[in-house]
Amino acid sequence: MSEIRTRIAPSPTGDPHVGTAYIALFNRCFAHHHGGKFILRIEDTDQVRSTDQSEKDILEALGWLGLSWDEGPGIGGEYGPYKQSERGEIYDQHIKQLLDTGSAFPCFCTSHRLDDLRKQQMSDKAAVGYDGHCLQLGPEAVAARVAAGEEHVIRMKIPKEGECTFDDMLRGPVSISWSQVDMQVLIKSDGKPTYHFANVVDDHLMRISHVIRGEEWINSAPKHILLYQYFGWDVPVLCHMPLLRNPDKSKLSKRKNPTSIGYYQAMGYLPEAMLNYLGMMGWTMPTGEEMFNLQEMTHSFDINRVSLGGPIFDIQKLDWLNGKYIRESLDDQQFAKLFAEWAFSADKIQRIVPLLKQRVERFCDVAELGSFFISANPTLSIELFEHKVLTIEAQIKILQFSLWHLEALEVWNREFIESSLQGLAGQLDLKIRDFLSPLFLAISGKAVSTSVIESIDILKLDITRARLRAAIDVLGGISKKMAKNLEREYRSLD
RNA sequence: GUCCCCAUCGUCUAGAGGCCUAGGACACCUGGUUUUCAUCCAGGCAACAGGGGUUCGAAACCCCUUGGGGACGCCA
């Protein structure tokens, strides 16, 4: 049997997600258990959303967890480059092949036409998908329009009838009829490949033997398989893992649960505990032992021990596990060292000190004033929020709108946060001092504290989000109806 | 809506037809140890979604129903 090679292919379009780490963990364990290689590839074909910062954060987060890779960014390897934005020529060559053999075709339809088409199909209760409009174009017409530089995408052809059956390593045979499969765009109008195309080309060229990914991809498997066939390539073994869930069983999302690895790091979880916890989502040691490290998991790994029900990411159990790690695997010296590094990292302390220094008279004042920087979310009560001009409802609005504003920030620094929030206060026609009041309480637990804008800057978005949301909950939360109204009002702001 | 996937305590799960009166862990409750608390220890509560088959025997295999989730983008 040839070498087992697996990969994780994150898209650098946001915060490092625990789901990414989860899938990475299983890919790494599977490959290493069988003496194979685990590859990291950056899927940055979305020019609009991909950022260097996100890429950096993701690599760091995986590194923090100890999920090292054998080939990929920073390591190299013989199948590079490992960043899709640097593989443009490869995709160009390959799409040409599909165009030449007639497996793919240019499509000149505007997004406007496609929208109308989709709406029509919805109201007709028909299957939603591309109608093959540009398939009717003659080769001369196509050539002329392409030569004229007309904007277009390239789509893949899909059989009209029959079905695609493949063997999922965990689920057995899965059949999806071709009528359910859309003529997927392979090359976008900006000339970049879509995930579906790039992922197949790269997985083949990088000799990926097993594709272990989230269940959300099952329905796209036929497209991928067909592409392999168009190229005449062997299809790797496919394996779809269950999805991590919110407590309400929906797919884990940051709207409902902290999903950023950075959040857990900032909250003082140990990477070993975090990884161990992810390992017990859908998987157990043959011995039933719940506490295990990456090496032990790798050694005992058996993909068939994965259970298919979507596991709920239960922070309570994670907390218990983390506590167990702190108590049982750390001696006093290690605890002191790790805690100090976490709480007083040079970077963090440098930024906090100027805020505290001007507001204390004695060192013994420091802990109380600055505790919220290293504590869990402050304990709040609704009484705290009694305000001379602001109603509870107004404060909920301030908190929610602020959160939306902060989430939309392209750059996270003091200036941006300040102008964003000041702008919001203006739009809401509130004095900045009143506007900031609920934010002070949510962030620090106190009405009087260090500059809330600088505090938000230092605490970063993950923690800020958690605290704003906790405050909103204390104030009674947002009902569905309220959410609708708030969203409408928020959209009409500018 | 269409298609796909899934289904054991509230949660994570063990379970490969008889070892199942369904085991462990978190959470919760009770008691013990501890100057308090936490830890730790002992105990308790709590599940095979429903209905049909197959079989001498079903939590396990098959079918239907129900429930949950996912996909249906020039996002990944």
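So that the names make sense, note that chain A is the first sequence line, chain B the second, and so on, each numbered from 1.
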Side chain of [X]: nearest nucleotide among [options]?
X	options	value
K249(A)	G68(B), C75(B), A25(B)	G68(B)
I312(A)	A25(B), U11(B), U2(B)	U11(B)
R305(A)	A14(B), A25(B), G73(B)	A14(B)
E43(A)	C12(B), C74(B), A76(B)	A76(B)
R49(A)	C75(B), U13(B), C5(B)	C75(B)
R155(A)	C74(B), A71(B), A76(B)	C74(B)
Q316(A)	A76(B), U13(B), A27(B)	A27(B)
W320(A)	A27(B), G70(B), C4(B)	A27(B)
P311(A)	U2(B), U13(B), C5(B)	U13(B)
Q180(A)	U11(B), A14(B), U2(B)	U2(B)

What nucleic acid atoms does [X] come within less than 4.0 Å of, heavy atoms only: base, sugar-phosphate, or nothing?
X	value
G214(A)	nothing
T13(A)	nothing
C109(A)	base
G309(A)	sugar-phosphate
E216(A)	sugar-phosphate
T284(A)	sugar-phosphate
V153(A)	base
S179(A)	nothing
V174(A)	sugar-phosphate
S175(A)	sugar-phosphate

Rounded distance (Å) that lies between atom [atom2] of [N] and atom [atom1] of [X]:
X	N	atom1	atom2	value
E290(A)	A27(B)	CD	C1'	13 Å
Y91(A)	A76(B)	OH	P	11 Å
Q184(A)	C74(B)	CD	C1'	9 Å
I315(A)	C12(B)	CD1	P	14 Å
Y277(A)	U11(B)	OH	P	12 Å
D168(A)	A71(B)	CG	P	16 Å
N219(A)	G1(B)	CG	P	17 Å
D182(A)	C4(B)	CG	P	17 Å

Salt-bridge test for [X] and [Y]: reply yes if a basic N is under 4.0 Å from a carboxylate O, no otherwise.
X	Y	answer
D100(A)	K96(A)	yes
D70(A)	R5(A)	no
K446(A)	E368(A)	no

Between [N] and [M], how many Å separate the two [atom1] atoms, rounded to a whole number?
N	M	atom1	answer
A22(B)	G31(B)	P	27 Å
U54(B)	C28(B)	P	47 Å
G23(B)	U66(B)	C1'	28 Å
C41(B)	U34(B)	C1'	12 Å
C63(B)	A58(B)	C1'	15 Å
A7(B)	G44(B)	C1'	28 Å
A47(B)	A25(B)	C1'	15 Å

Pairwise side-chain contact, L65(A) with L294(A), heavy-atom cut-off 4.5 Å (strictly under): no
OP1 or OP2 of [N] under 4.0 Å from side-chain N/O of [X]:
X	N	answer
K251(A)	A71(B)	yes
R327(A)	C40(B)	yes
S111(A)	C74(B)	no
T45(A)	A76(B)	yes
R245(A)	G69(B)	no
K188(A)	C75(B)	yes

Nearest-nucleotide 5' precedence on RNA chain B, R118(A) against P193(A): R118(A)
Parallel, tilted or perpendicular, as decided by the 30° and 60° cut-offs, for the rings of F108(A) and H152(A): tilted
Member of Q84(A), R7(A), H204(A) meeting the side chain to side chain donor-acceptor pair (under 3.5 Å) criterion with N199(A): R7(A)
Distance under 6.0 Å and angle within 45° of ring axis: R207(A) vs Y79(A): no
Neighbour count above 12 (heavy atom, 6.0 Å) for K460(A) NZ: no
Donor/acceptor link under 3.5 angstrom from K317(A) side chain onto base of A27(B): no
Check against side chain to side chain contact (heavy atoms under 4.5 Å, CB included), S85(A) and K192(A): CA-CA 8 Å; S85(A) 57; K192(A) 303 287 176 200; 5.8 Å; no
